[in-house]
Protein chains: 2
Amino acid sequence: MKNNRLISEAIDSYFPRLATMPALKADLVKISQIHRFEAGTVILRQGAYIKVIPLLISGLAKVFKEEPEEGNEVLLYYIKPGESCVMSVTTLIRNQTSQVKAVIEEDSEVVIIPAEQALAIAKKYPKWNEFIYDLFNLKFEELLHVIEILTFSKKDKRLLEYLRTEAKLKERKVLNTTHQQIAYDLGSSREVISRLLKKLEQEGYIHLRQGAIEITDKI
Amino acid sequence: MKNNRLISEAIDSYFPRLATMPALKADLVKISQIHRFEAGTVILRQGAYIKVIPLLISGLAKVFKEEPEEGNEVLLYYIKPGESCVMSVTTLIRNQTSQVKAVIEEDSEVVIIPAEQALAIAKKYPKWNEFIYDLFNLKFEELLHVIEILTFSKKDKRLLEYLRTEAKLKERKVLNTTHQQIAYDLGSSREVISRLLKKLEQEGYIHLRQGAIEITDKI
DNA sequence: AAAACCGTGTAACTTTTGTTACTGAATAAA
DNA sequence: TTTATTCAGTAACAAAAGTTACACGGTTTT
């Protein structure tokens, strides 16, 4: 959908860094479109070439690493409003295929920049690169944290942290999800997750209901 | 040690991308020094501020994530000749303290750029940013791989891959290391590593000797 | 040479995680 | 309302990883 006023406002509100440079903003508005995606939409497939660069305005997306062959995957990090998919950008620049999968987690509005134009923008405006650079940095640190917790913590701690992050990002205390879904995100099995959730409930960190998990205030 | 000819040659040989821009190269030569570090030197401490940006000319360095409190750590990736410590660069830009530790693994020659001057270089020359950007990208992918193997593989596979990477980077088939050292790198315990090494030996992948491990050609 | 130390081997046990197999409750569909 | 279907619970077992404890062969130090 082409609505320049909407795109312009979206950049002003969610990408103030890009808005500080009027020429850059004008170019972005000119070449991009705004799209809505429903939860569950795969916006980037592992192994695929990059056709567009997305800027998330509202909603939430998740980025996964898939295991080759087997159908397993791990959640790497989230894409929040005001962020883009850094892997798309760098993969595009290096003309590789994507190493990760990105899935819309909550209905989202996204400013879509066609790949070739995004490359031109990157060449023309250092500000754009600064933006990407910062984002890249942020995600790098998030990966470090995943490695840290995978190496030094047990699954129960990882699980609790996952639940709290989900609750925080979705701004609710009750998560509508299934044990199976959590198992997919964490690269584990449903039975293990059920067992650990039960333990967390007994310890008072959460309350379990059918298809829902409530996070308590216990620290 | 200040030796402009040496620095100039080092940049030509190991950082050809930076050498393509004569002005950038000239500035780098002007502000930097060449240093030798012995194996074991900690060139970047976790939690410390960044004072210099290193460019590795020869030798090898390792980058670790340390567990807060406990003394445990995990190997994240290596810094090879022709590379710099990306975390130094981004940490410097954001004026944060380092999230990682970097240790010289094999006696190394390093071109040292003082932090403030490095910031000036980054502002002045887009080429420098391109270089960092590519490096960042590379390390990002290496982190992805660590997460992948931590999530989907067992320790024996991780161990074998570690041994092979070490052998490749150090260009020898016999690694002079101890089981304890490997345990530190992989964030495990000596006994577990001993057990798994014995298993790998029985399977024909390695030969064990006192203080040394020989990697065989078995695939 | 005796003592101390380091690196390794390994048994026995515990904890954590994964797997198999089956049950029943809750919800949606026919 | 009956029938599927999805989701959750859980026991029992297996495998992987961590822990404790100790033995032993080399070095190195005294």
Side-chain angles (χ1 to χ4, degrees), chain A residues 39-40 67 69-75 146-163 166 174-203 205-215, chain B residues 40 67 69-75 146-163 166 174-215:
Chain A
E67 192 183 16
E69 313 294 312
E70 325 284 321
N72 301 327
E73 56 187 34
V74 225
L75 173 62
V146 172
I147 292 177
E148 185 182 347
I149 205 161
L150 281 175
T151 307
F152 303 123
S153 303
K154 283 177 280 175
K155 280 251 146 74
D156 57 346
K157 185 172 172 189
R158 176 151 158 71
L159 174 57
L160 183 55
E161 198 178 285
Y162 164 86
L163 294 172
E166 287 268 325
V174 179
L175 301 173
N176 291 104
T177 181
T178 66
H179 300 186
Q180 183 61 69
Q181 186 52 54
I182 299 172
Y184 282 139
D185 282 3
L186 301 185
S188 183
S189 72
R190 201 269 309 166
E191 292 83 350
V192 171
I193 297 300
S194 287
R195 185 197 290 152
L196 293 176
L197 283 172
K198 188 51 72 181
K199 192 180 144 228
L200 289 178
E201 185 178 44
Q202 280 161 4
E203 292 168 347
Y205 293 111
I206 56 175
H207 292 302
L208 297 175
R209 293 206 302 276
Q210 184 83 356
I213 298 171
E214 182 185 349
I215 282 80
Chain B
E67 191 184 17
E69 314 292 314
E70 324 283 322
N72 300 327
E73 56 186 34
V74 224
L75 173 63
V146 172
I147 292 177
E148 186 182 346
I149 205 160
L150 281 175
T151 307
F152 303 123
S153 302
K154 283 176 282 175
K155 280 251 147 71
D156 58 346
K157 187 174 172 189
R158 175 150 159 73
L159 174 57
L160 185 55
E161 199 177 283
Y162 164 86
L163 295 172
E166 287 269 326
V174 178
L175 301 173
N176 291 104
T177 183
T178 66
H179 299 186
Q180 183 62 70
Q181 187 51 55
I182 298 173
Y184 282 139
D185 282 3
L186 301 186
S188 183
S189 71
R190 202 271 308 165
E191 293 83 350
V192 171
I193 298 300
S194 286
R195 186 198 289 153
L196 292 176
L197 283 172
K198 188 52 73 180
K199 192 180 144 227
L200 289 177
E201 183 178 46
Q202 280 160 5
E203 292 168 347
Y205 294 111
I206 56 175
H207 293 302
L208 296 175
R209 293 206 301 277
Q210 184 86 353
I213 299 171
E214 182 185 349
I215 282 79

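Below, read A as the first sequence line, B as the second, and so on, with proteins coming before strands; counting in each chain starts at 1. Excluded from the calculations below are hydrogen atoms, water molecules and symmetry mates; all remaining heavy atoms, backbone and side chain alike, are included.
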So CD1 of Ile213(B) and CG of Leu197(B): to nearest 0.5 Å the spacing works out to 4.5 Å
Checking His179(A) against Ser194(A) for the side chain to side chain contact (heavy atoms under 4.5 Å, CB included) test, could you report, in this order, the C-alpha distance in whole Å, the side-chain angles of both residues, the deciding distance, and whether it holds? CA-CA 6 Å; His179(A) 300 186; Ser194(A) 287; 2.8 Å; yes
Spacing of Ile193(B) atom CD1 relative to dA16(D) atom P, expressed in whole Å: 15 Å
Glu201(B): what forms a salt bridge (Lys or Arg N to Asp or Glu O under 4.0 Å) with it, not counting sequence neighbours? Lys198(B)
Evaluate Arg190(B) against Ile193(B) for side chain to side chain contact (heavy atoms under 4.5 Å, CB included), listing each step before the verdict. CA-CA 5 Å; Arg190(B) 202 271 308 165; Ile193(B) 298 300; 5.8 Å; no
Taking all non-hydrogen atoms of both residues, which atom of Ser189(B) and which atom of Ala183(B) are closest, and how far apart? C-CB, 3.6 Å
Please list, in numerical order, the residues of residues 146-157 of chain B that have a heavy atom closer than 4.0 Å to any atom of DNA chain D. Lys154(B), Lys155(B)
Can you see which heavy atom on Ala212(B) is nearest to which on Val174(B), and at what distance? CB-CG1, 3.9 Å
In this structure, CZ of Arg195(A) is separated from CG of Leu200(A) (nearest 0.5 Å) by 13.0 Å
Spacing of OH belonging to Tyr162(B) relative to CG belonging to Asp185(B), to within rounding of 0.5 Å: 3.5 Å
Tabulate atom names and distances for all N/O pairs under 3.5 angstrom spanning the protein and nucleotides 8-10 of chain D.
residue	atom	partner	partner atom	Å
dA8(D)	OP1	Gly211(A)	N	3.1
dA8(D)	OP2	His179(A)	N	2.9
dG9(D)	OP1	Lys198(A)	NZ	3.3
dG9(D)	N7	Arg190(A)	NH1	2.9
dG9(D)	O6	Arg190(A)	NH2	2.9

List in chain and number order the residues that pass salt bridge (Lys or Arg N to Asp or Glu O under 4.0 Å) with Glu67(B), two or more places apart in sequence or in another chain; answer none if no residue qualifies. none
Check salt bridge (Lys or Arg N to Asp or Glu O under 4.0 Å) between Glu148(B) and all other residues, then give those that pass, not counting sequence neighbours. Lys65(A)
Need two values: the first and the last nucleotide of DNA chain C, 5' to 3', having an atom under 4.0 Å from any heavy-atom of chain B. dG7(C) to dA12(C)
